[in-house]
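The structure under discussion appears below in the form of structure tokens.
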Amino acid sequence: MDSTPNPSPLLAEVAAAIFAALPSEAGLTAEDVVEMLEAPPKPDMGDFAFPCFRLAKALRKAPPKIAADIAAALPAASIVESGQLAGPYLNVRVNLGKAAALVLPNLASGSTELAVTRDEKVMVEYSQPNTHKAFHVGHLRNVCLGDALVRLLRADGYEVVAANYLGDVGAHIAKCLWWFLDHLDEAGRQPPDRARGEWLGEVYATASNQLTSWQEAAKGGDADAAAKLAAAKVRTTEILQKLESGEPTITAVWEKTRQWSLAEFDEIYDWCGVVFDRVFYESEVGEPGLAIVAEYLEKGVFVESEGAIGCINEEVKHMPFFMLRKRDGTGLYSTKDLALARLKFEEYAIDRSIYVVDVRQSDHFAHVFLTLHKMGFAQADLCEHVPYEMVELPSGPMAARTGTVILFSELRERMVGHLTENYLAKYRGDWPDEEIETTARQLALGAIKYGMLNRDVNQKIIFDMEAWMAVEGDTGPFVQYSAARTASILRKAAAKGLTLSEATIANAETVAASLDQPEERALVLRIAELRGAVHQAAKTFRPNVMCTYLLELAKSINRFSNSKQCHVLSSEGDLLQARLLLVTAARAAIEWGLARVGIEAPARM
RNA sequence: GCGCGCGUAGCUCAGCUGGAUAGAGUGUCGGCUUCCGAAGCCGAAAGCCGCAGGUUCGAAUCCUGCCGCGCGCACCA
């Protein structure tokens, strides 16, 4: 699991050549050599660098001497064309034809799979929005991250179950329904035709704001506000109890309104290209959770404290008591998490259970897993929380209550509108309207997903819509642009009757030997890093690793596309075929790579 | 107070399983379109890698302490 299960064939070949030149006393395996290979600081120094520091002890020689000895012993006629000494480093240059033959044909012939299977099933739980609340950009980071992890893990050989966990019960629902039923008239209860979930979110925000302002006024001695607050609390508690007992009238309202939110979530996920295999609902784990609490209280694993029931986890020093049942006998988020954790393993026989939830809940999940462990739940150690930092606006943290949020619908409209007007409008009449629409969506999504993912998970993101809409530099649309150019070259070539032949794929080494430009060499080497990048991103749960790679790949493609010396259409013979092979593989690599982080590559833009 | 995270170029960030002269985007300045897309390419200026110790042949990277900022810490989710 730690080493790359299926390293790039190029890397393996280079390592094999160096390994063959290594004295046996070095004590290294060929796999060790793969791990040690790195890229020299400048491309003109070589294609791969092999640092010899670590061998000094075993060989009892100075690193530069070791590098020289290896260079002298390199096997002839291997992938390694020449070795160049640079102090303690041995820099090697590979034979470009051989290298190209190792990395390009598979991609060019449509085989983009990494051909790894691990016989390990992983569940990734993410998104977890609450019904009756608005969906905003803050929620989007989680969706982008979770979806990317699902795709990356699948590419890295795991069987993945993508799971969502919807918050369809709880105090926020009671507040929302309280306002909906008691403060809106018949007409006011009619939702709009579209964006009903957001509309419901406004109802909730109104209720929440009213309660907060009454609370503050009451603190200031306002008796009227205090009375209203008390009445509201009685009413929301009543609503909550009626919901829990399944009282028909309230339950019908809950089901109807809940459906409005659910329908909107479906539309959002659809637009984002996100698919879940299983959706859990809080409403299905409430009772099982309370049953667990009763069972383990009985067994003496859980204890009572100030009327509440919980588990003592000394490991969490600042707050060892993990509450699982309130004084009034009702459960909490934590209660349901115990039942949900168990349900996941029972239902899917998974080997690992991953929770993508923001970093503020790190303590919560530490408690959940410790508690499961104390319950004797065998799979407790197979659960893992993947935390990530929050998204804020330039004006500060987002808060639905104060209205300082960017709702999903607004984000979508503004980005699609901006991209259409500024970049795609010129194609009107030339392209089908439908393609312009689709492309705008792909680019908006590329900007959003790349922006959300191209940052380490423990870095806060300041979401500045203006900045994100400027699609230059380190952005999704930049990467998409380079992909579109490869497609464009292939399109133009095909129009001239120039196509990649089967013979080229079969004879790649000979044909590709005609490649001789530095941009071509750099592109081949960059494409060879694709597998490693996917594996690294999946292993560490950090899609930003993949974004960094994609940016480098895009730059390599642009340099190639921009170079007069690498012109494809005006090439002939083997060189033409070699370049068609390179462009076809580059297109496949960037398209597939983008897809690993949930981004589509338009054919033109 | 305790716990977690962040602090690298004017700005936003990579690099952090220790290794070559610390990289990218953006901004600034200067170049490149008779030839596959200028949403592009090339170049320049720009950094006591928060501070102080330690480990090491070698530290942005590991350890310790400190400073600054953010987040979390029982009846919400």
Side-chain angles (χ1 to χ4, degrees), chain A residues 2 35 38 40-42 45 49 51-54 56 62-63 86-89 91 128 130 133 167 169-172 175 282 305-310 315-334 336-337 357-364 366 387 389-390 392 397 419 422-423 443 454-462 464 467 470-475 477-482 484-493 495-496 498 519 540 544-545 547-548 551-552 554-555 557-564 566-571 579 583 604-605:
Chain A
D2 269 325
E35 296 293 318
E38 45 188 78
K42 298 264 196 268
M45 297 170 78
C52 301
F53 304 97
R54 277 171 52 186
Y89 288 90
N91 293 328
Q128 311 109 335
N130 285 327
K133 279 192 187 180
V169 291
H172 74 279
K175 288 182 193 174
E282 274 190 51
S305 167
E306 295 176 31
I309 306 300
E315 296 88 341
V316 184
K317 284 183 214 150
H318 52 282
M319 186 57 232
F321 185 72
F322 185 45
M323 188 181 295
L324 294 163
R325 192 171 84 192
K326 295 186 278 186
R327 219 179 349 226
D328 65 9
T330 60
L332 299 94
Y333 186 44
S334 53
K336 294 167 195 146
D337 258 332
V357 182
D358 77 70
V359 68
R360 295 176 304 185
Q361 310 222 17
S362 293
D363 284 343
H364 167 79
E389 266 291 350
M390 309 304 293
E392 295 185 2
L419 289 162
N422 291 281
Y423 298 97
L443 294 178
N454 184 36
R455 181 141 318 182
D456 194 278
V457 287
N458 47 28
Q459 286 283 1
K460 207 161 61 178
I461 291 180
I462 307 295
D464 182 345
V471 294
E472 295 172 310
D474 192 2
T475 67
F478 173 89
V479 179
Q480 289 170 312
Y481 171 81
S482 73
R485 287 190 73 175
T486 56
S488 174
I489 292 172
L490 293 172
R491 204 163 42 232
K492 292 208 162 115
K496 287 178 71 176
L498 309 175
E519 290 86 355
T540 57
N544 69 305
V545 170
C547 290
T548 301
L551 180 69
E552 290 304 322
K555 286 197 284 191
I557 287 174
N558 283 340
R559 287 182 190 126
F560 168 82
S561 310
N562 226 282
S563 167
K564 314 285 185 227
C566 299
H567 210 258
V568 178
L569 300 188
S570 58
S571 309
R579 285 178 173 163
V583 177
R604 49 184 186 175
M605 58 188 272

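Naming convention: chains lettered A, B, ... in sequence-line order (proteins, then strands); numbering from 1 in each chain. If you're wondering where the values come from, they're calculated on a predicted model, not measured in any experiment.
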Using whole Å, what does the distance between atom [atom2] of nucleotide [N] and atom [atom1] of [X] come to?
X	N	atom1	atom2	answer
A/R327	B/C76	CZ	C1'	15 Å
A/K564	B/C41	NZ	P	13 Å
A/K42	B/U21	NZ	P	11 Å

Over all strands shown, is [X] touching base, sugar-phosphate only, or nothing at heavy-atom distances under 4.0 angstrom?
X	value
A/M45	base
A/P40	base
A/P41	base
A/K460	sugar-phosphate
A/D456	sugar-phosphate
A/S334	nothing
A/L490	nothing
A/R54	nothing
A/V359	nothing
A/S563	base
A/D337	nothing

Query - hbond_proxy A/S482 side chain to B/A39 base (donor-acceptor, 3.5 Å cutoff) - result: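 It does not, because no donor-acceptor pair links the side chain of A/S482 to the base of B/A39 below 3.5 Å.
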Query - B/G37 base / A/S488 side chain donor-acceptor hit below 3.5 Å - result: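 Such a pair exists between side chain and base.
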Requested in this report: Let me see the working for A/K336 and A/E282 under salt bridge (Lys or Arg N to Asp or Glu O under 4.0 Å), right down to the final yes or no.
Outcome: CA-CA 7 Å; A/K336 294 167 195 146; A/E282 274 190 51; 3.1 Å; yes
**Report entry** Upstream residue (5' side of RNA chain B) when A/G473 and A/K317 are each assigned their closest nucleotide
**Finding:**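 Its nearest nucleotide being more 5', the pick is A/K317.
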Query raised in the report: Starting at the 5' end of RNA chain B, which residue's closest nucleotide do you reach first, A/A49 or A/E306?
Result: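 Counting from the 5' end, the first nearest nucleotide belongs to A/A49.
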Query raised in the report: Hey, is A/F53 stacking on B/G19? Ring centres under 5.5 Å, planes under 30°.
Result: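 Stacked: centres under 5.5 Å apart, planes under 30°.
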Requested in this report: Indicate whether A/H567 forms a stack on B/C35; treat it as stacked only if centroid distance is below 5.5 angstrom and interplanar angle below 30 degrees.
Outcome: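 No, aromatic ring not over the base.
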Taking the [atom1] atom of each, how far is [N] from [M], in whole Å?
N	M	atom1	value
B/G27	B/G40	P	10 Å
B/A59	B/G50	P	15 Å
B/C32	B/A38	P	15 Å
B/C41	B/G1	P	50 Å

Output the single nucleotide from [options] whose closest atom is nearest the side chain of [X].
X	options	value
A/Y89	B/G19, B/G70, B/G37	B/G19
A/H318	B/A39, B/A14, B/G1	B/G1
A/M323	B/A20, B/A74, B/C42	B/A74

Query raised in the report: Salt bridge check: are A/E392 and A/K460 linked by an N-O gap of less than 4.0 Å?
Result: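 Salt bridge present between A/E392 and A/K460.
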Query raised in the report: If you look at every heavy atom in A/T475 and A/E472, which pair is closest and at what distance?
Result: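 So the two residues come closest at CG2-O, 3.1 Å.
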Query raised in the report: What heavy-atom pair brings A/H364 and A/S334 nearest, and what distance separates the two atoms?
Result: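 Nearest heavy atoms, A/H364 then A/S334: CE1-CA, 3.7 Å.
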Query raised in the report: A/Q361 side chain N/O closer than 4.0 Å to the phosphate oxygens (OP1, OP2) of B/C4?
Result: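 No, no such contact exists.
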Identity of whatever pairs with [N] - Watson-Crick or G-U, under 3.5 angstrom:
N	value
B/U33	none
B/C13	B/G23
B/A44	B/U28

